[in-house]
Structure formats: C-alpha cells, structure tokens
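Residues: numbered from 1 along the sequence shown.
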Amino acid sequence: QVQLVESGGGLVQAGGSLRLSCAASGRTSSLYKMGWFRQAPGKEREFVAAIRWSGTGTYYSDSVKGRFTISRDNAKNTVYLQMNSLKPEDTAVYSCAADPRLGVGVSASVINSWGQGTQVTVSS
C-alpha cells in the first residue's frame, strides 16, 4: 500500500504559477507511475498529468499541455506539478494518484491510490 500526501495548493491570480508536491510513503518500491487528477465543482474528476517512476515518459491532458510540467525526485519519493500561466478554469481540487494505468484518457474509477487533495483557486 502506498500513501500519498499533497501540498502546495492555494489562491493565485490568472497568469500566475503554483507548484504542487506529492510525497509517497509505504510500499514505494511498487511505484510505476504517479500523477495528478483534478475535480472542479460540478464536474467529474479528470486526468491532468502523469510520469513514469523510472526511465522517461510523461503524459499530459490537452488542456494543460505546454503550461504544466510534471517531474519527480526519486530520492525523496516525490512528484511535482509545476503549473504556469494559470487560468480560472484550472480552479479545482488537485489529487495525487499512483497507478500503473495512469495516462491520457484514463478514468479515475480505476485508480487504486489517492492523496487527500489540495485546493487550487485561480482568480480572474
């Protein structure tokens, strides 16, 4: 079992930046991919970005490609989501996830491990 703890959310003006962090603990040797979903009020949880835990491989939804960057620090068992050029429509609860199936188009319903979520609010 992997435990995930997010940090770094907050309030920012449109055009600003935030960096989210997700620290993994527990059975980190089983990690294959980690990533982020988000859920805006009244909407379904949607995939944002993911990264392979070893080697190369990053995945982004079209809505964040070119603005968000996912990275990892294996020594710290931590994944980061650097969010630039933020828009009001990026406002959501962002949740960290760990699952081999993470990728573009994946449904949140198949993901096994979740963090508690962190609120990101972008004001216009």
- Query: Do Asp73 and Thr78 have side-chain N/O donor and acceptor atoms under 3.5 Å apart?
  - Reply: no
- Residue set satisfying side chain to side chain donor-acceptor pair (under 3.5 Å) with Gln39, at least two apart, ordered chain then number -> none
- Apart from Met83 itself, which Ile, Leu, Val, Met, Phe, Trp or Tyr residues share its cluster (side-chain heavy atoms under 4.5 Å, direct or through members)? Val2, Leu4, Val12, Leu18, Leu20, Leu31, Met34, Trp36, Val48, Ile51, Trp53, Tyr60, Val64, Phe68, Ile70, Val79, Leu81, Leu86, Tyr94, Val120, Val122
- Item | Sequence neighbours excluded, every pair satisfying disulfide (SG to SG under 2.5 Å) that has a member inside residues 34-86 | none
- Message: Quick one, Arg38 and Arg45 - any side-chain contact, counting heavy atoms below 4.5 Å?
- Response: no
- For Val5, what residues pass the side-chain contact (heavy atoms from CB on, under 4.5 Å) criterion, not counting sequence neighbours? Gln116
- Hits for side chain to side chain donor-acceptor pair (under 3.5 Å) against Ser7, two or more places apart or cross-chain, chain-then-number order -> none
- Message: Test: side chain to side chain donor-acceptor pair (under 3.5 Å). Region: residues 20-34. Which pairs qualify, not counting sequence neighbours?
- Response: Tyr32-Arg52
- Under the salt bridge (Lys or Arg N to Asp or Glu O under 4.0 Å) test, which residues partner Glu6, sequence neighbours left out? none
- What one should report as the nearest heavy-atom pair of Ile111 and Ala97 is CG2-CB, 3.7 Å
- Task: Check side chain to side chain donor-acceptor pair (under 3.5 Å) between Arg19 and all other residues, then give those that pass, not counting sequence neighbours.
- Result: none
- Item | Pairs touching residues 43-102 that satisfy disulfide (SG to SG under 2.5 Å), sequence neighbours left out | Cys22-Cys96
- Name all pairs fulfilling the ring-ring contact (aromatic ring centres under 6.0 Å, His included) condition that reach into residues 2-23, sequence neighbours left out, sorted by first residue then second. none
- Hydrophobic cluster membership, Phe47 vs Val93, 4.5 Å side-chain cutoff: no
- Query: Going by an N to O cut-off under 4.0 Å, is there a salt bridge joining Lys65 and Asp62?
  - Reply: yes
- Please collect all side chain to side chain donor-acceptor pair (under 3.5 Å) contacts where either partner lies in residues 100-115, sequence neighbours excluded, each pair once. Asp99-Arg101, Asp99-Asn112, Ser107-Ser109
- Can you tell me which residue pairs pass the disulfide (SG to SG under 2.5 Å) test with a partner in residues 24-57, sequence neighbours excluded? none
